[in-house]
Every structure is written in C-alpha cells, then in structure tokens.
Amino acid sequence: MTYKNYEELPLVLSVEQLVAVLDIGKTTAYELLRCGEIQSIRVGHKIKIPKEAVISYLRICQS
C-alpha cells in the first residue's frame with residue numbers, strides 16, 4: 001500500500017510496511033531497528049514499529 005501522508009500510516013507498522021514506507025531493503029530496515037535509530041517493540045516473535053518512531057526518524061533525517 002502507498003501512503004500519501006503521516007495520517008494514513010497505521011498506528012503500528014510491521015517490518016514489511018516500514019520497508020515500503022521508507023523504500024529501503026529489508027536488511028537496511030533490520031539494521032535501523034537493531035542499532036536503535038528507529039525504535040521498535042517485540043510482540044511475541046514479531047517486531048512492531050510505532051508510527052511515531054517512523055515520523056521521529058524522518059524528522060531527524062531532515063535536520
């Protein structure tokens with residue numbers, strides 16, 4: 001799915017959605033999560049990324 005603005009993003013994203021939103025590879029996404037550049041939470045075996053963490057990352061990259 002293509003998102004046109006922040007409001008359209010789901011409250012919590014999967015790694016696959018993060019890859020699509022940032023137009024990056026899966027390896028890069030996992031590296032950003034592993035090093036803490038983008039905050040995430042683990043729910044069972046799944047990694048979830050709060051929408052606010054993605055927005056925060058994008059703001060930091062713009063400055």
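- Hydrophobic clustering (side-chain heavy atoms under 4.5 Å, transitive across Ile, Leu, Val, Met, Phe, Trp, Tyr) keeps Val12 apart from Tyr30.
- Residues Pro50 and Ser40 come closest through the heavy atom pair CD-CA, 4.2 Å.
- Placement of Tyr6 and Leu22 within a single hydrophobic cluster is found when ILVMFWY residues are connected by side-chain heavy-atom separations under 4.5 Å, directly or transitively.
- Sorted by first and then second residue, the salt bridge (charged side-chain N to carboxylate O under 4.0 Å, His left out) pairs involving residues 12-32 (not counting sequence neighbours) are Glu16-Lys26, Glu31-Arg34.
- Atom CD1 of Ile60 sits about 12.5 Å away from atom CD1 of Ile55, to the nearest 0.5 Å.
- Within the 4.5 Å cutoff, no side-chain heavy atoms of Tyr57 are placed close to those of Gln39.
- Distance CG/Leu33 to CD1/Ile49: 5.0 Å, rounded to 0.5 Å.
- Clustering ILVMFWY residues whenever any of their side-chain heavy atoms sit less than 4.5 angstrom apart, transitively, puts Leu13 in the very cluster that holds Val15.
- Partners of Gln62 by side-chain contact (heavy atoms from CB on, under 4.5 Å), not counting sequence neighbours: none found.
- At a threshold of 4.5 Å between non-hydrogen side-chain atoms, the residues Ser14 and Lys46 do not count as touching.
- Note on residues 47-63: no pairs pass salt bridge (charged side-chain N to carboxylate O under 4.0 Å, His left out), not counting sequence neighbours.
- The hydrophobic clustering, which links ILVMFWY residues whose side-chain heavy atoms are closer than 4.5 Å, places Ile38 and Ile41 apart.
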